[in-house]
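As structure tokens, the structure follows; a few thoughts come after it.
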Amino acid sequence: MRIATWNVNSSRARAERIGDWLDRSDVDVLAMQETKARDHQFPESVFTDRGYEVAHHGLSQWNGVAIASRVGLEDVRIGFPGQPGFGEPEEREARAIAATCGGVQVWSLYVPNGREVDHPHYAYKLRWLEALREGGAARLAEDPEAQIAYVGDFNIAPQDDDVWDMAAFEGLTHVTEPERAAFAKLVDAGFAEVVREYTPGPGVYTYWDYKGLAFPKRKGMRIDFVLASPALRARVTGASIDREERKGKGASDHAPVIVALDGADSQPVDRPQSKK
DNA sequence: ATGGCGTCTCACAGACGA
């Protein structure tokens with residue numbers, strides 16, 4: 001079984017490309033973020049035409065998360081217990097959806113960006129991650145054998161190597177100590193990040209800004225991850241980042257990340273062409 | 001050089017993204 005996560009940056013603008021990628025990648029489960037659609041606008045046929053079931057959660061043109069699966073899609077959940085909202089009054093956003101696919105509970109997560117360190121969105125981001133951790137820890141305490149995958153766009157670069165130049169991120173979100181601590185607490189709660197060991201850096205990223213030729217200049221960030229509960233982690237045998245998908249016209253600014261279970265094939269690994 | 005690029009909407013400007 002192969003599970004992928006991909007911030008598609010609009011399901012409608014990317015519909016054809018998502019279909020082509022499914023044909024090429026042959027994954028069993030695809031978790032998507034930033035679908036940027038309400039439920040009735042989501043291009044379901046891209047998935048159903050190819051034999052996938054799909055669940056989508058979108059409330060507006062912002063955010064939006066979905067899971068497509070050809071190994072079953074059961075027990076769909078919208079949001080997680082205690083998931084905080086944003087704004088005044090606080091509104092819960094479309095940033096989390098779960099489904100059990102082939103015995104694995106897959107959570108497609110779009111962690112809040114944070115915007116700026118002194119912006120209310122940043123505190124929201126930290127609250128959101130803490131609530132996610134609490135729920136995950138409680139779930140593992142209940143059932144230590146649970147197969148849970150927290151996948152998606154975490155909007156955190158956990159290590160200095162996860163950005164092309166730490167100096168360029170001075171004072172910016174995604175690399176601050178509290179964000180990294182929140183990520184580490186989730187890992188410490190039992191949800192190990194399983195992609196990095198198969199796609200070692202430096203210079204290995206999952207996101208490249210559209211601006212300033214960031215992709216060809218290899219100025220990216222590693223911010224998309226797969227976190228696995230202990231029972232699931234034991235099944236992981238490979239992972240890859242499909243940076244080919246970032247190429248060409250009409251690409252998302254994020255690349256798909258794939259995890260292989262039980263010896264399934266994994267895509268070629270993203271590697272820097274040159275080192276200085 | 002607050003540019004740059006892409007996507008969205010009660011669109012032709014502003015919000016959001018990271």
Side-chain angles (χ1 to χ4, degrees), chain A residues 5-18 21 32-43 46 56-66 85-88 91-96 108-126 128-129 152-180 182-183 201 203-225 241 243 245-257:
Chain A
T5 179
W6 188 13
N7 179 324
V8 295
N9 185 21
S10 171
S11 54
R12 288 174 284 173
R14 216 72 60 215
E16 193 175 332
R17 231 174 135 129
I18 294 169
W21 188 78
M32 288 158 276
Q33 302 85 37
E34 283 212 85
T35 60
K36 294 188 172 176
R38 293 173 175 82
D39 288 345
H40 72 275
Q41 299 172 308
F42 183 72
V46 166
H56 176 259
H57 174 47
L59 299 170
S60 70
Q61 72 268 41
W62 308 121
N63 315 306
V65 281
F86 184 68
E88 201 54 60
E91 283 185 49
R92 193 190 268 200
E93 300 175 309
R95 294 182 178 274
S108 179
L109 304 172
Y110 180 44
V111 175
N113 170 295
R115 298 184 190 170
E116 286 155 34
V117 172
D118 57 2
H119 193 286
H121 211 261
Y122 179 82
Y124 167 51
K125 179 180 195 173
L126 296 178
W128 202 96
L129 287 160
D153 178 356
F154 283 79
N155 271 321
I156 297 170
Q159 301 183 12
D160 289 358
D161 275 354
D162 295 336
V163 298
W164 77 92
D165 178 12
M166 273 300 285
F169 284 83
E170 178 86 44
L172 300 183
T173 61
H174 293 62
V175 299
T176 68
E177 189 279 327
E179 289 166 284
R180 288 178 169 180
F183 188 89
V204 175
Y205 309 121
T206 64
Y207 161 88
W208 299 262
D209 201 306
Y210 287 123
K211 293 173 279 189
L213 298 175
F215 183 64
K217 289 179 179 172
R218 300 185 171 268
K219 293 182 171 182
M221 305 172 73
R222 188 200 289 259
I223 54 177
D224 300 87
F225 298 99
I241 299 165
R243 76 185 297 285
E245 177 52 40
R246 180 63 180 78
K247 296 179 178 175
K249 200 167 169 54
S252 168
D253 43 4
H254 292 251
V257 175

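All chains are named by letter (A, B, ...) in the order of the sequence lines, taking the proteins before the strands, and each is independently numbered beginning at 1.
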Review point. Rounded to whole angstroms, how far apart are NZ on A:Lys249 and P on B:dT7?
Key: 8 Å
Check your understanding: B:dC5 P sits how many Å from A:Arg246 CZ, rounded?
Key -> 12 Å
Which whole number of Å gives the distance between the [atom1] atom of [N] and that of [M]?
{"N": "B:dT2", "M": "B:dA18", "atom1": "P", "result": "22 Å"}
{"N": "B:dG6", "M": "B:dA11", "atom1": "C1'", "result": "15 Å"}
{"N": "B:dA1", "M": "B:dC12", "atom1": "P", "result": "32 Å"}
{"N": "B:dC10", "M": "B:dC16", "atom1": "P", "result": "14 Å"}

Point to revise | Whether over 12 other heavy atoms sit under 6.0 Å from A:Glu16 CD | key: no
**Study point:** Under the side-chain contact (heavy atoms from CB on, under 4.5 Å) test, residues paired with A:Asp165 that sit two or more places apart
**Key:** A:Ala167, A:Ala168
Point to revise | Pairing residues for A:Pro178 by the side-chain contact (heavy atoms from CB on, under 4.5 Å) criterion, not counting sequence neighbours | key: A:Tyr122, A:Leu126, A:Thr176
Practice item. May I ask you to decide whether A:Asp253 forms a salt bridge with A:Lys211, counting only side-chain N to carboxylate O separations under 4.0 Å? Key: no
Practice item. Would you tell me whether A:Lys36 and A:Asn9 have side-chain atoms, one donor and one acceptor, within less than 3.5 Å of each other? Key: yes
Point to revise | Any donor-acceptor N or O pair under 3.5 Å, side chains A:Gln33, A:Ser108 | key: yes
Revision key, fill the gap. A correct 5'-to-3' footprint of nucleotides 8-18 of chain B, with B, S and - meaning base, sugar-phosphate only and no protein heavy atom under 4.0 Å, is SS-----BSSB
